[in-house]
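Right, one structure below, let's go through it.
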Amino acid sequence: MARSRLNEAWSGAHEIAPLAVGVAIYGLAFGLLAAQAGFGTAQVGGMGALVFAGGAQIIATQQVLAGAGAVAAIVAGLVLNLRLLLVAASIRDVYAGRPWWQIPLGAHLTTDENWALMLAQRAKGRTVGFWYLAGGGACLLGVWCASTVIGAAFAHSIPDPKSLGMDFAFTAAFIAIARSLWKGRDDLLPWLTALGVVTLATHGLGLAPSWGLVLGGVAGAVMAGINGDD
Amino acid sequence: MTEAWTVILGLTAGTFLIRLSGVLIGQRIPQHGAWARGLRALPGCLIVSLVAVSLMAGGGQEWGAATAALAVAGLTRSLPLTMAAGIAAIWLLRHFA
């Protein structure tokens, strides 16, 4: 059993490589930002390992840099992370019946990237689960911490991700994963609902993208719950 | 710098609590019926929302690159190829369009 767990974790860790490249580029850029905000190397590395949520770390550090204060920085980061509640809830079978210590470990290692990759592999018919997710998450954690610390140390020679087109890496990745998750016409109405609510929330109501994201995901799921039948 | 550690520890506690709550709430949602259907549809809806939010933050070039990425995703079903196509398309559009 230990052997198959290790194999599954290893699959998760190396199959996440294309996404890990994107994470590394963002890690370098975040290191630069954190250095500008006056964070030391231990703080940058510690933040990566402890928080392990790139978007939230970037938003919070921008707030610190803008002089908004610690509370505003924490709130901005946590609002962006609210989606992780939905992300973790949506793969409940992965954590079901696990020993107690695997629950906090798995929760901490759950990110958009390894979650989405695991779902895409399942859509292809593979039976991957907890150790695939954890292996991918551990790989991303290592890459994220290392690249952010390197970015902080070599802050002067870091290219802007946007000038390389790398700011589009995750959008393209999620387009590929959405294509894998598309199962047919039953998905159409929930997905259009999500799209419509995101548009309404961000453009119509002027809410922050963090909220638009959560509202869109929930609205699509509610539509599927009300409308579908098993 | 104490402000940095305050932010780091605040984000650490809050983010972990969010992730753990997600795991625990997921376990408590009914296994059948409308709640279960909604939860099964949630990943696709969240990913669509993620893409929508990032495209709305951009402009015509981002939509163009997204179209290219979607075409490659449809043809190849390959994650690395779709990422490469999207990055190449946005780079070309920004530099030459």
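Side-chain atoms are counted along with the backbone in the values below, which use heavy atoms only and exclude waters and symmetry mates. Residue numbers begin at 1 in each chain, while the letters A, B, ... track the order of the sequences. From a predicted model like this one, the values you see are computed outputs, not experimental measurements.
Separation of atoms CH2 (B/W5) and CD (A/Q43) is listed at 5.0 Å; rounding is to 0.5 Å. With rounding to the nearest 0.5 Å, the separation of CZ in A/R179 from CZ in B/R77 is 3.5 Å. Between B/I47 atom CD1 and A/L119 atom CG the span is 6.0 Å, to the nearest 0.5 Å. Of the inter-residue distances, the one linking B/L9 atom CG with A/L50 atom CG reads 7.5 Å to the nearest 0.5 angstrom. Put simply, OG on B/S49 and CH2 on A/W191 are 10.5 Å apart, with the number rounded to the nearest 0.5 Å. Atoms CZ and CD1, on A/F168 and B/I87 in that order, are 9.0 Å from each other to the nearest 0.5 Å.
Annotation: side chain of A/F52 is in contact with side chain of B/R19 (closest heavy-atom distance under 4.5 Å). Proximity of B/I8 to A/Q57: side-chain heavy atoms (C-beta onward) are nowhere separated by under 4.5 Å. Residues B/E62 and A/T171 have side chains not in contact (no heavy-atom distance under 4.5 Å, counting atoms from C-beta outward).
Under a cut-off of 6.0 angstrom, the local environment of CG in A/D93 is crowded, with over 12 non-hydrogen atoms contributed by other residues, nucleotides or ligands. In B/W35, the CH2 atom is not crowded: 12 or fewer heavy atoms of neighbouring residues, nucleotides or ligands sit closer than 6.0 Å.
Of the residues B/V72, B/V51, B/L79, B/T67, the one that meets the side chain to side chain contact (heavy atoms under 4.5 Å, CB included) test with A/I175 is B/V51.
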- Message: Show, in sequence, the C-alpha distance, side-chain angles and deciding distance for A/D167 and B/R94, and conclude whether the salt bridge (charged side-chain N to carboxylate O under 4.0 Å, His left out) test is met.
- Response: CA-CA 12 Å; A/D167 59 315; B/R94 281 181 189 155; 2.8 Å; yes

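The residue among B/A13, B/G58, B/A84, B/A73 with the most heavy atom pairs within less than 4.5 Å of chain A is B/A73. Annotation: maximal heavy-atom pairing with chain B below 4.5 Å, among A/L181, A/L84, A/L78, A/T61, occurs at A/L78. Among B/A88, B/G26, B/S54, the residue with the largest count of heavy-atom pairs under 4.5 Å with chain A is B/G26. When A/L19, A/I226, A/V197, A/V218 are compared by the number of non-hydrogen pairs under 4.5 Å with chain B, A/L19 comes out ahead. No other option in B/L24, B/V7, B/I18 has as many heavy-atom pairs under 4.5 Å with chain A as B/I18. Put simply, of A/G217, A/G220, A/G22, the one with the most heavy-atom pairs under 4.5 Å next to chain B is A/G217. Among the candidates A/N81, A/V71, A/V75, the residue making the largest number of heavy-atom pairs closer than 4.5 Å to chain B is A/N81. Interface summary for chain B: among A/P209, A/P104, A/A49, the most heavy-atom pairs under 4.5 angstrom belong to A/P104. Note on A/G77, A/A60, A/A96: by heavy-atom pairs under 4.5 Å with chain B, the leading option is A/A96.
Between A/I74 and B/T6 the shortest heavy-atom distance is CD1-O, 3.6 Å. Counting all heavy atoms, side chain and backbone alike, A/A70 lies closest to B/E3 at N-OE2, 3.4 Å. The shortest non-hydrogen separation linking A/A53 to B/T15 is CB-CG2, 4.4 Å. Here the closest heavy-atom approach between residue A/L195 and residue B/A52 is recorded as CD1-CB, 3.6 Å. Closest non-hydrogen pair, B/A41 versus A/A221, comes out as CB-CA, 4.5 Å. The shortest non-hydrogen separation linking A/A172 to B/G86 is CB-CA, 4.1 Å.
Residue A/V87 touches chain B through both its backbone and its side chain, counting heavy-atom pairs closer than 4.5 Å. In this structure, chain B has a heavy atom under 4.5 Å from the side chain of A/W115, while its backbone stays farther away. Using a 4.5 Å cut-off between heavy atoms, A/K183 does not touch chain B at all. For a residue to count as touching a neighbouring chain, one of its non-hydrogen atoms must lie under 4.5 Å from one of that chain's; by this rule A/L164 touches chain B with the backbone only. Proximity to chain B (any heavy atom under 4.5 Å) is restricted, for A/S163, to the backbone atoms N, CA, C and O. Both the backbone and the side chain of B/Q31 come within contact range of chain A, each with at least one heavy atom under 4.5 Å from a heavy atom of that chain. For a residue to count as touching a neighbouring chain, one of its non-hydrogen atoms must lie under 4.5 Å from one of that chain's; by this rule B/I90 touches chain A with the side chain only.
Annotation: salt bridge (charged side-chain N to carboxylate O under 4.0 Å, His left out) contacts of A/R83 (sequence neighbours excluded): A/D112. Under the side-chain contact (heavy atoms from CB on, under 4.5 Å) criterion, B/I25 pairs with A/L85, B/S21, B/I29, sequence neighbours left out.
Side-chain N or O atoms of B/Q27 include one that pairs as donor or acceptor with a backbone N or O of A/R92 at under 3.5 Å.
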